[in-house]
Amino acid sequence: MKTFLEKLLNYYKISHDDYELLIKNTSNISLKDPSSFLGMKNSVNRIKKAMKNKEKVIVYGDYDCDGICATSIMVKTFKLLNYDVSYYIPSRYIDGYGLNVASVERIAKNGFKLIICVDNGISANEAIEKAKEFGIDVIVVDHHEVPNVLPNAYSIIHTTVSKVSNIIASGGYMALFLSRSLLNKYDDYLVLLAGLSTISDLMELKDYNRDVVLLAIKNLNNYKYRTFLELINGSIFNEKTLAIEVAPKINAVGRMIEDTSVNKLVQYLISEDEKEIYDLSIWINEINELRKIATKEAIENISDVEHSDSICILSNVKEGLIGLLSNRLMNEYNVPSIVFTQDNKDTNILKGSIRSKEGFNVIDAFKHLKKYILNGGGHAQAGGLSIRKSDFISFTNNFNEYAKLHTFKEDVKKDYIEISLNDINIKNYEILRSFAPFGIGNNEPEFVIYNLPTKGLKFVSNGKHLMTPLSLTTKLLGFNMDEKNVKKNETIDVFGTLNISELRRMTSIEFRINKFE
């Protein structure tokens, strides 16, 4: 009979030796040395020159969680170097994505001599040329798809351009690499921000991405940073905490707020003032609640969508919500999905957000449809674009024709690890967590318990939810499992995950049932 660990090794197809490497102690020292990045040395030298000459420097970021983290990392780095810099998070509704000519003109008027673009800039050719005209140098720290023609920046720090790895790092992690080169160390709090950005931007959790998320979780548990605690319910901190509780709240501000107060997020993340942190956390949490309400209403308004090989619809929702709707439709109908809405400033333009899965590459699709796309960019499975309203029908037809030829790869039949009720315990949960963090490229395993007798199962909420204690510290939990429907069977097979929960300071391990047969 295989042990719980042996079952996991078999599931992940790794040996005991591989496992020993996997669980090796990870520290800041084990994080990647960024000196091999093309552009790193030039970037550091240019920044040191700016500091020596007391030049005005501005960090130009992005309005999503990754961009907010990247900006915060750079601003905090300069604080640690005792050098004041400015920063700007563009408004999704006023400025749009990335460095643009209008922003450069404003920056020039204010006497800045150096722009550090983080989580944007790799496609800002026109804006960077304008900066050069004003005598402003631009350092690009980015991770998005590399265009055919690179911008004429002073220096570029980018995994693909540098050819240092096939694994793309988040914008925040790229900023952390620059921070490390300036500080000659990895700062624990900045590592946490880079880990959050890695989770929020759905980076593949392998190699150095896995390491930074591991350290982020470790640092959060060790230091319990107030900026994070105010956004978290409970005291269990792992990658799910970052993905489900923290990242959506940071993202909510850029989605919902139409002015430039999204910049308060940077102030929040770099603040050490407890009152300021508390006050801003109230604001962030309130905006997130508004985001939930608006998203729910938007989803209700686009139910029963007509589709064939793709979905391409026009909605009247806020631009900040179209990505959430697109993702919802993609998951529901299992086809590439775009949701468009009218541009905030030009009624002749539509802005769209696309979500996809393996088999349909967003960037390749954009190249195929380039005659319609005014602006576009993103990753293999997510992106943003703008088109003329007059092209919507033609674009939709061509998008659907392209989707016919590039269908999603069929999901591989899910493997479940067979366990017994006796396997549900704290020791095995800790073994499971040694394979974490779970996410893109490192899926969390699901388990199956066969032939579970139904007679002894207990239910709550008038038979609506299953909740059966197995011991003082373990239980079976299944939401929306009707008691009558379950107990009409003598035994059932239950499929689910192992989780940890805390209630009234009592920690318990639960088998959370996702489905039963």
Chemist: D142 and N120: side-chain donor and acceptor closer than 3.5 Å?
Modeler: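 Looking only at side-chain atoms, N120 and D142 do not form any donor-acceptor pair under 3.5 Å.
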Chemist: Taking only Lys NZ, Arg NE, NH1 and NH2, and the carboxylate oxygens of Asp or Glu, determine whether R255 and E319 approach each other closer than 4.0 Å.
Modeler: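 Answer for the salt bridge query: no.
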Chemist: Distance only, no hydrogens: is a donor on one side chain within 3.5 Å (strictly under) of an acceptor on the other, for T497 and E446?
Modeler: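 No, no side-chain donor-acceptor pair sits under 3.5 Å.
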Chemist: Is it the case that the side chains of H406 and N361 hold a donor-acceptor pair, with the cut-off being a distance below 3.5 Å and no angle test?
Modeler: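 Per modelled atom types, N361 and H406 side chains form no pair under 3.5 Å.
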Chemist: Measure the acute angle between the ring planes of F360 and F408, then classify it against the limits of 30° and 60° as parallel, tilted or perpendicular.
Modeler: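 Answer is perpendicular, since the angle exceeds 60°.
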Chemist: State yes or no: are the ring centers of Y208 and Y173 separated by less than 6.0 Å?
Modeler: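 Yes, close enough.
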Chemist: Does A175 offer a backbone N or O that forms a donor-acceptor pair with the side chain of S179 under 3.5 Å?
Modeler: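 Checked: no pair found.
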Chemist: Is the shortest side-chain heavy-atom distance between Y60 and V118 below 4.5 Å?
Modeler: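 Heavy-atom side-chain distance check fails, nothing below 4.5 Å.
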Chemist: side-chain contact (heavy atoms from CB on, under 4.5 Å) between T507 and T473: does it pass, once the steps are laid out?
Modeler: CA-CA 7 Å; T507 299; T473 57; over 6 Å; no
Chemist: Is the side chain of N221 donor-acceptor paired with the backbone N or O of F237 at a distance under 3.5 Å, no angle test?
Modeler: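 Yes.
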Chemist: Within this structure, what is the CG-OG1 distance for the pair L231 and T241, rounded to the nearest 0.5 Å?
Modeler: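 It is 12.0 Å, given to the nearest 0.5 Å.
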Chemist: I'd like to know if K79 pairs up with E272 as an ion pair, taking the criterion as any Lys NZ or Arg NE/NH1/NH2 lying under 4.0 Å from an Asp or Glu carboxylate oxygen.
Modeler: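 No salt bridge links K79 with E272.
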Chemist: Spell out, as yes or no, whether a donor-acceptor pair under 3.5 Å connects the side chain of D207 to the backbone of N209.
Modeler: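 Such a contact is absent between D207 side chain and N209 backbone.
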Chemist: Can T77 and L81 be said to form a side-chain contact (heavy atoms from CB on, under 4.5 Å), step by step?
Modeler: CA-CA 6 Å; T77 297; L81 293 169; 4.2 Å; yes
Chemist: Please check if any side-chain donor atom of E276 sits under 3.5 Å from a side-chain acceptor atom of Q267, or the reverse.
Modeler: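 Yes, Q267 and E276 have a side-chain donor paired with an acceptor closer than 3.5 Å.
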Chemist: Is it the case that Y87 and N263 place a side-chain donor and acceptor less than 3.5 Å from each other?
Modeler: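 Checked: Y87/N263 side chains show no N/O donor-acceptor pair below 3.5 Å.
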Chemist: Does E358 CD have over 12 foreign heavy atoms under 6.0 Å away?
Modeler: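 No, because the 6.0 Å sphere around CD of E358 holds 12 heavy atoms or fewer from other groups.
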Chemist: Assess, by modelled atom type and distance only, whether the side chains of N422 and S420 contain a donor and an acceptor separated by less than 3.5 Å.
Modeler: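 No donor-acceptor contact under 3.5 Å links the two side chains.
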Chemist: Quickly, which of V335, V339, I299, N334 forms a side-chain contact (heavy atoms from CB on, under 4.5 Å) with L329? Name it, please.
Modeler: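 In the set V335, V339, I299, N334, the residue that makes a side-chain contact (heavy atoms from CB on, under 4.5 Å) with L329 is V339.
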Chemist: Any donor-acceptor pair under 3.5 Å linking the side chain of N219 with the backbone of Y189?
Modeler: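 Between the backbone of Y189 and the side chain of N219 there is no qualifying donor-acceptor contact (under 3.5 Å).
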Chemist: I'd like to know whether H143 forms a side-chain hydrogen bond (donor to acceptor under 3.5 Å, both in side chains) with D119, so could you lay out the CA-CA distance, the side-chain angles of the two residues, the decisive distance to 0.1 Å, and finally the verdict.
Modeler: CA-CA 7 Å; H143 72 134; D119 196 33; 3.0 Å; yes
Chemist: Assess whether a salt bridge exists between K292 and E289, defined as any Lys/Arg side-chain N lying under 4.0 Å from an Asp/Glu carboxylate O.
Modeler: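 Salt bridge: yes.
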Chemist: How about S471 and T474: does a side-chain donor come under 3.5 Å of a side-chain acceptor?
Modeler: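 Note: S471 and T474 side chains meet the donor-acceptor criterion.
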Chemist: Give the C-alpha distance, both sets of side-chain angles, the deciding distance and a yes or no for side-chain contact (heavy atoms from CB on, under 4.5 Å) between I287 and I284.
Modeler: CA-CA 5 Å; I287 290 173; I284 294 168; 6.0 Å; no
Chemist: Does a donor on one side chain sit under 3.5 Å from an acceptor on the other, for K206 and N442?
Modeler: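 K206 vs N442: no donor-acceptor pair found between side chains.
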Chemist: Between N485 and K488, is there a side-chain donor-acceptor contact under 3.5 Å, judged purely by atom types and distance?
Modeler: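 Result is yes, a qualifying pair exists.
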Chemist: Determine, stepwise, if the pair N285 / K249 fulfils side-chain hydrogen bond (donor to acceptor under 3.5 Å, both in side chains).
Modeler: CA-CA 7 Å; N285 282 309; K249 293 179 181 179; 3.0 Å; yes
Chemist: Cationic tip of K318 within the cone over Y93's six-membered ring, i.e. under 6.0 Å and within 45° of the normal?
Modeler: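 Because its charged atom sits under 6.0 Å from the ring centre and within 45° of the axis, K318 does stack over Y93.
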Chemist: Parallel, tilted or perpendicular: which one describes the rings of F447 and F4, with boundaries at 30° and 60°?
Modeler: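 Parallel: the ring planes of F447 and F4 meet at under 30°.
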Chemist: Counting only heavy atoms not in M467, do more than 12 sit closer than 6.0 Å to its CE atom?
Modeler: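 Atom CE in M467 is not crowded, with 12 or fewer foreign heavy atoms closer than 6.0 Å.
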Chemist: Taking atom CG of D259 as the centre, report whether more than 12 heavy atoms of other residues, nucleotides or ligands fall under 6.0 Å from it.
Modeler: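 Correct, the count exceeds 12.
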Chemist: Treating S181 as the side-chain partner and F177 as the backbone partner, does any N or O pair qualify as donor plus acceptor under 3.5 Å?
Modeler: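 Present.
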Chemist: Whether the side chain of Y186 engages the backbone of K32 through a donor-acceptor N/O pair (distance < 3.5 Å, no angle test) should be reported.
Modeler: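 Looks like yes, one N/O pair under 3.5 Å.
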Chemist: Quick one, Y416 and P445 - any side-chain contact, counting heavy atoms below 4.5 Å?
Modeler: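 No, side chains not in contact.
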Chemist: So with a 6.0 Å cut-off around NZ of K487, is the heavy-atom count from everything else above 12?
Modeler: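 For K487, atom NZ is crowded (more than 12 foreign heavy atoms under 6.0 Å).
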Chemist: Kindly check if the number of other-residue, nucleotide or ligand heavy atoms within 6.0 Å of CD1 (I29) is above 12?
Modeler: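 Atom CD1 in I29 is not packed in, count stays at 12 or less.
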Chemist: For T159 and S165, which I'm curious about, is there any donor-acceptor pair between the side chains at under 3.5 Å?
Modeler: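 No, no side-chain donor-acceptor pair sits under 3.5 Å.
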Chemist: Do R328 and S326 have side-chain N/O donor and acceptor atoms under 3.5 Å apart?
Modeler: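 No, no side-chain donor-acceptor pair sits under 3.5 Å.
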Chemist: Measure the shortest side-chain to side-chain distance between L476 and L457 over non-hydrogen atoms and say whether it is less than 4.5 angstrom.
Modeler: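 Side-chain contact under 4.5 Å: yes.
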Chemist: Passes side-chain hydrogen bond (donor to acceptor under 3.5 Å, both in side chains), Y268 versus S72? Steps please.
Modeler: CA-CA 9 Å; Y268 176 77; S72 301; over 6 Å; no
Chemist: Is there a donor-acceptor contact under 3.5 Å from the side chain of N331 to the main chain of N327?
Modeler: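 Yes; at least one donor-acceptor contact below 3.5 Å.
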Chemist: Taking the side chain as every heavy atom from C-beta outward, state whether N428 and N425 have any pair of such atoms under 4.5 Å apart.
Modeler: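 Answer yes - side chains close enough.
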Chemist: Using a 4.5 Å cut-off on heavy atoms from C-beta on, say whether the side chain of V262 contacts that of Y88.
Modeler: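 Result no, sub-4.5 Å side-chain heavy-atom pair not found.
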Chemist: Taking the cut-offs as 6.0 angstrom to the six-membered ring centre and 45 degrees off its axis, would you call K515 and F495 a cation-pi pair?
Modeler: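 Here K515 passes the 6.0 Å and 45° test against F495.
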Chemist: Surrounding CD1 of I282 (heavy atoms of other residues, nucleotides or ligands, distance under 6.0 Å), is the total greater than 12?
Modeler: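 Yes, the 6.0 Å shell around CD1 holds more than 12 heavy atoms from other groups.
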Chemist: Does one side chain, of Y19 or S434, offer a donor that lies under 3.5 Å from an acceptor on the other?
Modeler: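 S434 and Y19 do have a side-chain donor-acceptor pair below 3.5 Å.
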Chemist: Going through the distances and angles, do I168 and E204 end up as a side-chain contact (heavy atoms from CB on, under 4.5 Å)?
Modeler: CA-CA 7 Å; I168 303 299; E204 190 175 19; over 6 Å; no
Chemist: Salt bridge check: are R226 and E230 linked by an N-O gap of less than 4.0 Å?
Modeler: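 So R226 pairs with E230 through a salt bridge.
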Chemist: Under the side-chain contact (heavy atoms from CB on, under 4.5 Å) test, which residues partner K275, sequence neighbours left out?
Modeler: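 Once residues adjacent in sequence are excluded, the partners of K275 under the side-chain contact (heavy atoms from CB on, under 4.5 Å) criterion are D273, D279.
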Chemist: Relative to the ring of H379, is the ring of H144 parallel (under 30°), tilted (30 to 60°) or perpendicular (over 60°)?
Modeler: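 Ring orientation of H144 relative to H379: parallel.
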Chemist: For N480, is the CG atom crowded, meaning more than 12 foreign heavy atoms sit under 6.0 Å from it?
Modeler: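 Buried by this count: over 12 neighbours within 6.0 Å.
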Chemist: Taking atom OH of Y12 as the centre, does the number of heavy atoms from other residues, nucleotides or ligands within less than 6.0 Å exceed 12?
Modeler: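 Correct, the count exceeds 12.
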